[in-house]
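When a ligand or atom number is given, it counts from 1 through the structure's own listing order.
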Amino acid sequence: MSVQVSREGSVAFVTLDNPPVNAIGRAVRAGLMDALDEIESAVGLSRVVLSGAGRCFAAGADAKEFDAPLQGPHLPDIIARIEACDVPWVAAITGVALGGGCELALGCRYRIAAPSAQIGLPEVTLGVIPGAGGTQRLPRLVGIKTAVQLIATGKPVSAVRAEEVGLIDGVADDPVEVAARLDIGTIELGQSIASLPQPEANAEAVEAARALIRKKTPHQIAPERAIDLIEKSALVSLSEGLAAERATFLELREAPQSSALRHVFFAERGARMPEPLRGQDAALDVVTVVGGGTMGAGIAYALLNKGSKVTLLETDDDDVARANVNVEKIIAASLKRGLINEDAAEACRQRLTATTDYGAASESTLAIEAAFESMEVKKSIFSKLEVHLPDSAVLATNTSYLDVDALAMSVLDPSRVVGLHFFAPAHIMKLLEIVQGGKTSDAALATGFGLAKRLGKIPVVAGVCDGFIGNRILARYREAADTVLMDGSTPWEIDEAMVEFGYAMGPYEAQDLSGLDIAHANRRRQDATRDPERRYIPIADRMVELGKLGKKTGAGWYRYPGGGGKVEDPIVADLALEEARFAKVERKDYSADEIRERLVMAMINEAADILGDGIAKRPSDIDLVTVHGYGFPRWRGGLMHHADSIGVDVVFNALKRFEEEDSIVWKPSHVIADCAERGMSLSEWMSGSFS
Ligand code: 3HC
């Protein structure tokens, strides 16, 4: 039974019981309707205590049902009955009360939460709006200002904050016990929200919320629509507001943005250690990081912050000092942002040992090298780690491109080697590519997953190839951008087109931030193996020759006068013209749509090959990599979800069209061709091919 009903004297207890998070699916709704029937026909009841079994009150509507047709009974009807019930309902909240869970609580006459509870209406993060009264009842309870802040951002609040703003009536260690024993007079003082007056209009707060979400979640429909409805709550009756809310919810539930956001939500939950690997991961209380540069210091801090002791190895005393400074900078920045307090900062410092002595690493169960991107350097580090660490310790490389298998072959036992590709800044970015070499053991792979869990990161397994999943796609994205640049556009036109697509910044501004020298060094590494027939665009090389390395040198694709914001640089546009003239290219104007089509198709084509080569195990992994590592818009669901939503046949036809221009660069992936021929989506192709 998904809903339990029991009685003690005059108190009825209704308990949601749908593990793990009491998602309110059809069975729970039916159970609540039955409970209401039972309560309405019972005699002698003074109150009903509504709570959740297990770890929370309720995580909201069951979002897995959103793909299927609507099925009654419906949550708004249940909440209306709870609200109108002669016997007052008291919500006793433990864990989370989110979305429909929070709306259930708003239907109650009184709300008590445990101190650790989190309460909120995060529907917009799933591309919908609260659909069971949230946008109408919450403003009546807490006012328009707080309601827009809570609903438009979707961020839950703590029980203490919820009490401060009037969302709940009290905080108690055992809310069920307190709800059952609370003086009945106090409960009866609590009014149903339906009987509260309309909230006062607050144009200023509404405009501030609109401005905030346009900045934070541009392109997303749900936050704007939620704000419209909250604004409406001051103008129309509750029933009119509820009807408008429900219509909007049902419309957005079927819209592509909700489908995409739900897809990413569930893909994130699916990215965890596979069952057969469980229990094989190493304990991570003592870890070694080699290299205290930006990446190494970020990795070290992430570990320190989660309680690991870290030995940070460097080559000489100066570099040890620099490594200490780099970690300290991150600690200071975290303190400043209020992410940690002084005690936590001091504990991090105490857990860190920066040294040149590899002997200090002797108790580590994992070593992560984050040194210079050179096979020789990395091999020499691994040979020293091999001597000093226990034989069972996992040896990981943070390489972005180098051959993990070749590195593994340099140690006696290659099965202990795994790639752990972090993204800068390593203590902030959520993605962790776990690179599984041909000989990587289950224990080493499991340790990668264990590390991701400890650091709160999203793990994605990638096979060995140049660039793994993310950088391999990025290389094609940049190649397509450079080709459009050579053949007719400017960096700023290309950037603008991709910002309109949903990226926070375009490919050229992003390169200016990371530095053009990194990609340049990489191209030189690839010179020996690059297909000589493949078109090569030399503009980026010319930029590096001119010392335009990006923001750090004051100029890259843009200029940054005085270290400030970016300014278009006519010299760069001229450089592209010059190179095009030299290569006898007849330039043409590309519209923003054409630019987007080329850059996105190039990425999809490469990603399909990545699936075909078995480098990614499933399309949703590519979605997570592109969203969490490369800024692909979450509301488009990631690259592969986006490809499926445009339609594989559309992708295939575009690639065939471009293939007429350049048969090497635009050769359609056999995976795309296969899907188009068989009328399958990319996700179907995977499940049909690799189960
Ligand atoms: N619907 C369906 N399944 C859900 C769910 C939901 N709303 N929330 C969580 N789950 C599932 C997860 O997919 C996962 O399933 P799995 O074990 O099979 O992979 C399981 O519950 C546990 O979830 P987490 O791994 O995320 O557990 P955590 O403890 O880390 O987090 C949580 C729990 C904070 C509740 C988090 O899952 C969460 O934020 N959930 C979504 C909350 C939300 O957005 N609610 C609004 C839903 S829409 C709505 O209510 C509409 C209404 O207004 C009508």
Which is closest to atom 45 (N) of ligand 1 by heavy-atom distance: Gly99, Pro20, Ala59? Ala59
Would you say Glu231's side chain and Ala203's backbone share a donor-acceptor pair under 3.5 angstrom? no
Which atoms of ligand 1 are found less than 4.0 Å from any heavy atom of Ala63? 1 (N), 2 (C), 6 (C)
Identity and distance of the protein heavy atom lying nearest atom 18 (O) of ligand 1: Lys64 NZ, 4.2 Å
Could you tell me whether ligand 1 has any atom less than 4.0 Å away from a heavy atom of Arg272? yes
Would Gly134 count as a contact of ligand 1 if the rule is a heavy atom under 4.0 Å away? no
Tell me which protein heavy atom sits closest to atom 13 (O) of ligand 1, plus the residue, atom name and distance to 0.1 Å. Phe266 CE2, 3.4 Å
Closest non-hydrogen protein atom to atom 40 (N) of ligand 1, residue and atom name please, with distance? Phe265 CZ, 3.4 Å
Could you tell me which atoms of ligand 1, counted from 1 in the order shown, lie closer than 4.0 angstrom to a heavy atom of Leu126? 44 (O), 47 (C)
Any donor-acceptor pair under 3.5 Å from Ser620 side chain to Asp623 backbone: no
Is it true that a side-chain atom of Arg634 and a backbone atom of Leu261 form a donor plus acceptor pair closer than 3.5 Å? no
Of all the heavy atoms in Arg55, does at least one lie under 4.0 Å from an atom in ligand 1? yes
Under 4.0 Å from atom 32 (C) of ligand 1, is there at least one protein heavy atom? no
Give the atom numbers and elements of ligand 1 that come within less than 4.0 Å of a heavy atom of Gly60. 50 (O)
Students should be able to answer this: which protein heavy-atom is nearest to atom 34 (C) of ligand 1, and at what distance? Leu98 CD1, 4.0 Å
Quick one: nearest non-hydrogen protein atom to atom 12 (C) of ligand 1, plus distance? Arg269 CG, 3.8 Å
Any heavy-atom pair between the side chains of Val28 and Val3 that's under 4.5 Å? yes
Within the 4.5 Å heavy-atom criterion, are Arg140 and Ser233 side-chain neighbours or not? yes
Closest to atom 2 (C) of ligand 1 among protein heavy atoms sits Asp62 OD1, 3.2 Å
With atoms numbered from 1 as shown, which atoms in ligand 1 lie under 4.0 angstrom from a non-hydrogen atom of Pro130? 53 (O)
Numbered atoms and elements of ligand 1 in range of Glu103, under 4.0 angstrom, heavy atoms: 52 (C), 53 (O), 54 (C)
Which is it for Leu70 and Arg253 under the side-chain contact (heavy atoms from CB on, under 4.5 Å) test, yes or no, and what are the steps along the way? CA-CA 10 Å; Leu70 213 56; Arg253 179 184 181 269; 3.6 Å; yes
List the closest protein heavy-atom neighbour of atom 21 (O) of ligand 1: residue, atom name, distance to the nearest 0.1 Å. Val21 CG2, 3.5 Å
If you look only at distance, which donor and acceptor atoms sit under 3.5 Å apart when one is on a side chain in residues 112-121 and the other is two or more places apart or in another chain?
none

Closest protein heavy atom to atom 53 (O) of ligand 1, given as residue, atom name and distance to 0.1 Å: Glu123 OE2, 2.5 Å
Evaluate the side-chain proximity of Phe501 to Arg636: yes if any heavy-atom separation is below 4.5 Å, no if none is. yes
Checking the side chain of Thr217 only, and the main-chain atoms of Gln220 only, is there a donor and an acceptor separated by less than 3.5 Å? no
Check whether more than 12 heavy atoms from other residues, nucleotides or ligands sit under 6.0 Å from atom CZ of Arg269, and answer yes or no. yes
Any side-chain heavy atom of Tyr301 within less than 4.5 Å of one from Cys348? yes
Closest to atom 6 (C) of ligand 1 (heavy atoms only, candidates Gly131, Gly154, Ala61, Pro122) is Ala61
Worked check of salt bridge (Lys or Arg N to Asp or Glu O under 4.0 Å) between Lys430 and Glu268: CA-CA 11 Å; Lys430 284 257 171 218; Glu268 286 166 351; over 6 Å; no
